[in-house]
2 protein chains.
Amino acid sequence: MDCGRGVRTLREAKTQRAAWLETGFAMLAEGGAENVRIEPLARRLSVTKGGFYWHFKDRADLLTAMLDRWRDGRVDVIARHVAPGEGETAEAVLRRLLARYLEQPNPRGTALEMAVRDWARHDAIAAEAVAAVDRARLAHVAPLFEALGFGPDEAAARARLFYAYVFGQNLLAPTTDADDARRQGDRIAAILLGR
Amino acid sequence: MDCGRGVRTLREAKTQRAAWLETGFAMLAEGGAENVRIEPLARRLSVTKGGFYWHFKDRADLLTAMLDRWRDGRVDVIARHVAPGEGETAEAVLRRLLARYLEQPNPRGTALEMAVRDWARHDAIAAEAVAAVDRARLAHVAPLFEALGFGPDEAAARARLFYAYVFGQNLLAPTTDADDARRQGDRIAAILLGR
DNA sequence: GAAGTACTATACGTAAGCGTATGGATGAGC
DNA sequence: GCTCATCCATACGCTTACGTATAGTACTTC
């Protein structure tokens with residue numbers, strides 16, 4: 001059988017597993033966990049599925065690998081995002097976070113977040129990954145609310161409301177007028193921050 | 001071919017389309033739009049798919065019929081739910097709504113809501129149904145916030161935050177301790193209602 | 001230069017689901 | 001009592017995807 005080409009370098013070879021994962025994330029973002037199918041994935045990578053079963057035991061193996069990677073990435077990143085910059089106040093950090101989550105400089109990240117959370121509603125492993133990410137985020141954001149002067153319980157409640165709002169926004173039909181949306185976002189931020 | 005039985009009465013016959021829809025909703029609630037498949041549906045109804053194509057043109061036809069029905073039901077129901085009971089204040093109505101949405105006396109309704117909203121992220125027709133429901137709900141709930149003393153813009157913002165919170169809660173990993181969850185819910189209600 | 005590692009193509013069998021005939025079976029209306 | 005509308009069973013062809021088997025290529029390491 002003429003396979004046309006083999007592995008060019010070992011460096012490149014090790015990249016292939018990452019390529020399957022990367023493309024898997026693209027399909028997850030585009031259509032949810034159901035949409036992550038091996039053969040369409042292979043077509044997008046311009047290979048056949050032969051190599052898939054070298055890197056992964058089966059489809060579930062890919063899915064759990066993606067989940068691990070997603071969880072680790074989110075947990076790593078939240079610690080960086082709550083770190084204040086030069087002379088940045090807690091309120092400024094929270095507003096920056098809110099903008100990052102809602103103004104969607106990274107629509108792919110939002111789509112992934114929603115896809116994983118929907119997945120978690122039917123799958124225990126996904127639910128555990130989501131729970132771990134939520135714990136990490138709430139633990140990092142609650143202290144920011146404490147820095148605003150709220151007690152620990154109130155800060156925890158506000159942190160939860162903060163994240164529920166962020167994800168809920170993605171489920172609500174968007175406000176049609178962009179200016180209205182911005183003004184409304186400002187009002188909501190004021191309510192969340194208590195000022 | 002011995003089909004075993006035919007139509008017993010016209011009354012019963014007209015019920016069949018409703019049965020397909022009803023079971024369709026069950027599968028939608030259980031596994032999202034992807035999970036609504038004709039042959040499993042038929043098995044659950046203990047019939048073959050032969051009759052399906054009598055009632056519906058194809059799978060998409062069933063799905064849009066379900067969507068219409070869902071939208072109409074939600075729009076009808078919100079008007080009833082915001083109507084205050086005997087001497088019920090606007091605040092009491094809002095707290096009652098919140099309890100209804102979050103304490104999940106009707107888990108099937110919540111599952112449907114989430115399934116349709118996830119569906120809406122990939123499907124324009126579903127997105128339009130969600131948008132119609134959101135418009136109706138926000139239009140009904142904002143006046144309750146106005147009755148609490150907020151101006152129109154602030155009331156609209158709070159109504160949006162109210163619903164974003166409700167749906168966002170369903171995406172966040174649940175708080176493990178039930179008492180904590182209740183106390184936190186009370187705090188969040190106080191923030192939403194501004195008191 | 002031989003052996004191993006890291007892939008990839010190709011081919012196969014299986015399963016599930018879609019949509020399309022086609023031919024009953026039954027009750028309703030005349 | 002015949003016909004029509006309404007519904008269902010059965011069977012078929014097609015497509016998509018899964019997972020396995022097998023044989024091949026190319027680079028690496030010794």
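Order of the sequence lines fixes the chain letters, A, B, ..., with proteins taken first and strands second; residue numbering starts at 1 for each chain. What's counted below: heavy atoms across the whole structure, side chains too, no hydrogens, waters or symmetry copies. Please read these numbers as outputs of a predicted model, since none were measured by experiment.
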Taking the six-membered ring for Trp, are B:Phe145 and B:Phe162 parallel (under 30°), tilted (30 to 60°) or perpendicular (over 60°)?
perpendicular
Assigning hydrophobic clusters by single linkage (Ile, Leu, Val, Met, Phe, Trp, Tyr; side-chain heavy-atom cutoff under 4.5 Å), is A:Met114 placed with B:Tyr163?
yes
Nearest whole Å is fine: how far is D:dT6 P from B:Trp20 CH2?
18 Å
Roughly how many Å is it from NE2 in A:His55 to P in C:dT5, rounded to a whole number?
15 Å
Across all chains, not counting sequence neighbours, the salt bridge (charged side-chain N to carboxylate O under 4.0 Å, His left out) partners of B:Asp61 are none
Is the side chain of B:Arg158 donor-acceptor paired with the backbone N or O of B:Leu192 at a distance under 3.5 Å, no angle test?
yes
Between B:Gln16 and D:dC8, is there a side-chain N or O to OP1/OP2 distance below 4.0 Å?
yes
Could you check which of C:dT20, D:dA9, C:dA9 has an atom nearest any side-chain atom of A:Val47?
C:dA9
Answer yes or no: is there a donor N or O on one side and an acceptor on the other, between the side chain of B:Arg59 and the main chain of B:Val36, under 3.5 Å?
yes
Any side-chain donor near an acceptor of the partner, B:Asn170 and B:Gln104, under 3.5 Å
yes
Once rounded to the nearest 0.5 Å, what's the spacing between atom CZ of A:Phe167 and atom OH of A:Tyr101?
6.5 Å
Can a side chain N or O of A:Trp54 be found less than 4.0 Å away from OP1 or OP2 on C:dA6?
no
Between B:Trp54, B:Phe52, B:Tyr53, which is the residue that forms a ring-ring contact (aromatic ring centres under 6.0 Å, His included) with B:Phe56?
B:Phe52
If you restrict it to nitrogen or oxygen atoms, what contacts under 3.5 Å exist between nucleotides 13-15 of chain D and the protein, and what is each distance?
none

Can you check the A:Tyr53 OH to D:dT22 P distance for me, whole Å?
17 Å
Contacting residues from residues 25-43 of chain A, given that a heavy atom lies under 4.0 angstrom of DNA chain C
none
